[in-house]
Amino acid sequence: MLAMHKNKKDLVLRWLFVTFLLGLGFIAMEINEFHHMILDGNGLERSGFLSAFFPLVGTHGTHMFFGLIWMAVMMGQIIAKGLSAPVQSRLIRLSIFWHFLDVVWVGVFTIVYLMGVM
């Protein structure tokens with residue numbers, strides 16, 4: 001967002017790409033975790049905790065997936081249209097959505113992962 005306000009198109013694209021790769025890595029780790037849990041016999045039907053764990057964490061991952069699609073579309077729009085006012089408006093909305101996912105993840109991580117081991 002700082003690069004966008006300074007009208008630095010290349011820097012905006014670079015940071016969006018880095019964010020995209022990190023988000024993709026997060027989703028890959030989540031899928032890997034689900035895969036190994038299910039192979040170890042820890043599926044939805046195993047316990048009440050797991051029947052809540054998979055939908056909760058999976059819903060966050062699904063929203064991240066759609067955020068990545070949105071991010072890819074925005075990168076395409078920046079390349080095609082530059083940092084016009086409508087593109088900047090969409091980038092601000094993407095930023096709000098992405099940071100909301102961050103806040104939700106802090107809550108999910110605290111309740112599911114940290115409190116789950118206590």
Side-chain angles (χ1 to χ4, degrees):
M1 297 311 295
L2 294 173
M4 181 192 79
H5 290 298
K6 292 178 182 177
N7 208 31
K8 295 186 177 184
K9 177 181 163 182
D10 292 341
L11 199 54
V12 171
L13 286 170
R14 186 177 309 143
W15 282 115
L16 278 173
F17 185 70
V18 168
T19 304
F20 183 90
L21 290 178
L22 291 170
L24 199 59
F26 183 92
I27 290 175
M29 287 188 300
E30 193 171 278
I31 290 169
N32 186 51
E33 178 185 28
F34 281 11
H35 177 73
H36 286 293
M37 288 177 73
I38 291 168
L39 286 179
D40 291 341
N42 295 315
L44 284 164
E45 69 285 345
R46 176 82 183 233
S47 70
F49 173 80
L50 290 171
S51 67
F53 171 83
F54 282 99
L56 183 63
V57 176
T59 298
H60 178 267
T62 302
H63 281 87
M64 281 198 63
F65 174 75
F66 286 111
L68 291 176
I69 292 172
W70 188 358
M71 206 173 294
V73 168
M74 290 309 305
M75 285 188 275
Q77 286 188 5
I78 292 168
I79 291 167
K81 300 177 182 181
L83 290 172
S84 64
V87 170
Q88 287 188 20
S89 176
R90 292 181 200 117
L91 277 173
I92 290 169
R93 288 189 212 121
L94 172 62
S95 175
I96 292 168
F97 175 80
W98 197 255
H99 290 298
F100 179 73
L101 285 175
D102 293 339
V103 171
V104 168
W105 181 249
V106 169
V108 169
F109 183 79
T110 301
I111 292 168
V112 173
Y113 287 90
L114 296 180
M115 294 180 82
V117 296
M118 294 175 124

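Within a 6.0 Å sphere centred on CG of Leu2, heavy atoms belonging to other residues, nucleotides or ligands number 12 at most.
Interatomic distance, Ile96 CD1 to Leu91 CG, rounded to the nearest 0.5 Å: 11.0 Å. To the nearest 0.5 angstrom, Ile78 atom CD1 is 10.5 Å from Met71 atom CE. Here the CD1-CD distance, from Ile38 to Glu33, works out to 10.5 Å after rounding to the nearest 0.5 Å.
Residues meeting the side chain to side chain donor-acceptor pair (under 3.5 Å) test with Arg14, sequence neighbours left out: none. Every side chain to side chain contact (heavy atoms under 4.5 Å, CB included) that Leu21 has, sequence neighbours left out, goes to Phe17. Taking Asp102 as the reference, His99 meet the side chain to side chain donor-acceptor pair (under 3.5 Å) condition, with sequence neighbours excluded. Contacts of Phe54 classified as ring-ring contact (aromatic ring centres under 6.0 Å, His included), with partners at least two apart in sequence or in another chain: Phe34. For the side chain to side chain contact (heavy atoms under 4.5 Å, CB included) test, residues two or more places apart in sequence or in another chain that qualify with Gln77 are Val73, Met74, Val87, Arg90. With sequence neighbours excluded, the residues forming a side chain to side chain donor-acceptor pair (under 3.5 Å) with Asn32 are His36, listed by chain and number. Considering only residues two or more places apart in sequence or on other chains, Asn7 meets the side chain to side chain contact (heavy atoms under 4.5 Å, CB included) condition with Leu83, Gln88. Every residue two or more places apart in sequence or in another chain was checked for a side chain to side chain donor-acceptor pair (under 3.5 Å) with Glu30, and none qualifies.
Taking Ile, Leu, Val, Met, Phe, Trp and Tyr as members and joining any whose side-chain heavy atoms lie under 4.5 Å apart, directly or through other members, Met29 forms no hydrophobic cluster with any other residue. Here Leu22 sits in one hydrophobic cluster together with Leu11, Trp15, Val18; the rule is ILVMFWY side chains under 4.5 Å apart, joined directly or through other members.
When all heavy atoms of Leu50 and Ser47 are compared, the pair lying nearest together is N-OG, 3.1 Å. Between Ala72 and Phe20, the closest heavy-atom pair is CB-CE1, 4.3 Å.
Here ring pair (Phe, Tyr, Trp, His ring centres under 6.0 Å) pairs that include residues 57-76, with residues two or more places apart or in two chains, are Phe26-His60, His60-Trp105, Trp70-Phe97.
Transitive grouping of hydrophobic side chains (ILVMFWY, heavy atoms separated by less than 4.5 Å) keeps Val108 and Val103 in distinct clusters. Cluster annotation: Val106 is not connected to Leu101 through the hydrophobic network of ILVMFWY side chains, with a link wherever side-chain heavy atoms come within less than 4.5 Å. Criterion: ILVMFWY side-chain heavy atoms under 4.5 Å apart, direct or through other members. Under it, Leu114 and Val112 are part of a common hydrophobic cluster.
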* To do: Run the numbers on Phe109 and Val57 for side-chain contact (heavy atoms from CB on, under 4.5 Å), then give the verdict.
  => CA-CA 9 Å; Phe109 183 79; Val57 176; over 6 Å; no
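Side-chain contact check for Ile111 versus Leu56: every heavy-atom pair is 4.5 Å or farther apart. Here the side chains of Phe53 and Leu44 are not in contact, with every heavy-atom distance at 4.5 Å or above.
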